[in-house]
Number of protein chains: 2
Amino acid sequence: MRFHALVEVRLRAGIADPQGATLERALPALGFESVEGVRVGKAIRFDVDAFDEAAARAEIDELCRRLLANPVIEEADVSISPEPGSMAAGGRAG
Amino acid sequence: MRFHALVEVRLRAGIADPQGATLERALPALGFESVEGVRVGKAIRFDVDAFDEAAARAEIDELCRRLLANPVIEEADVSISPEPGSMAAGGRAG
């Protein structure tokens, strides 16, 4: 079965975010006075084939730990949705 | 009233994504054979003060157009949620 995953990787609270700080400094000059607390993270999307949603989530969690996020300074949120039109593979035959 | 915003900025379909391609090339060597279609975007979070949700959304849409996304190659998804504990300001008095 195929799933679509969205992983949001963001800096942990308290870790300096120079990219967000730069954005925030630019805002008043553009007329945005009421925006604050800007933090910039990554939004990583991909497709994964797995037997079921639990297997997909386990694989994606490991992927986050090993490649996508640095757990010392970053945390990752995972959202999974079944790909439309994807069929459960092997559910009955297996 | 204070809202929390999450803006996902991603490359439009068909625009080359070297960062996603590099990630994808690294996956088989790490044992992830079933992941494909990796695309890397930005997840930008911030707080905004606005009279109501419609006003917040209008301001954030303009912010996306003018600063956060390059509309030629990128598209932006905006999610807004009221900040917990935030009070509607001026709703009755105004």
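Chain identifiers are assigned alphabetically (A, B, ...) following the order of the sequence lines, protein sequences preceding nucleic acid strands; residue numbering begins at 1 within each chain.
- Of residues 38-47 of chain B, those residues lying under 4.5 Å from chain A by any heavy-atom pair are B/Val38, B/Arg39, B/Val40, B/Gly41, B/Lys42, B/Ala43, B/Ile44, B/Arg45, B/Phe46, B/Asp47.
- Clustering ILVMFWY residues whenever any of their side-chain heavy atoms sit less than 4.5 angstrom apart, transitively, puts B/Ile80 in a cluster other than the one holding A/Leu6.
- For the pair B/Ala56 and B/Phe3, the tightest heavy-atom approach, listed with the atom from each and the gap, is CB-CD1, 3.7 Å.
- The CG atom of B/Asp49 lies 6.5 Å from the CD atom of A/Glu36; values are rounded to the nearest 0.5 Å.
- Scanning all heavy atoms of the two residues, the minimum distance from A/Pro71 to A/Ala69 falls at CD-O, 3.3 Å.
- Looking at heavy atoms from C-beta onward, B/Glu74 lies out of side-chain contact with B/Ile15 at the 4.5 angstrom threshold.
- A/Ile73 and A/Val9 fall into different hydrophobic clusters, where Ile, Leu, Val, Met, Phe, Trp and Tyr side chains are chained together by heavy-atom contacts under 4.5 Å.
- For the set A/Ala5, A/Ala26, A/Gly37, the entry with the most heavy-atom pairs within less than 4.5 Å of chain B is A/Gly37.
- A salt bridge is defined here as a Lys NZ or Arg NE, NH1 or NH2 lying under 4.0 Å from an Asp or Glu carboxylate O, and B/Asp77 with B/Arg10 meets this definition.
- Chain A is approached within less than 4.5 Å, heavy atom to heavy atom, by B/Glu59, B/Glu62, B/Leu63, B/Arg66, B/Leu67 from residues 57-67 of chain B, ordered by number.
- The distance from the CD atom of A/Glu53 to the CE atom of A/Met1 is 8.0 Å, given to the nearest 0.5 Å.
- To the nearest 0.5 Å, atom CG of residue B/Leu68 and atom CG of residue A/Leu27 are 7.5 Å apart.
- Taking all atoms of both residues into account, the shortest heavy-atom contact from B/Leu11 to B/Ala16 is CD1-O, 3.7 Å.
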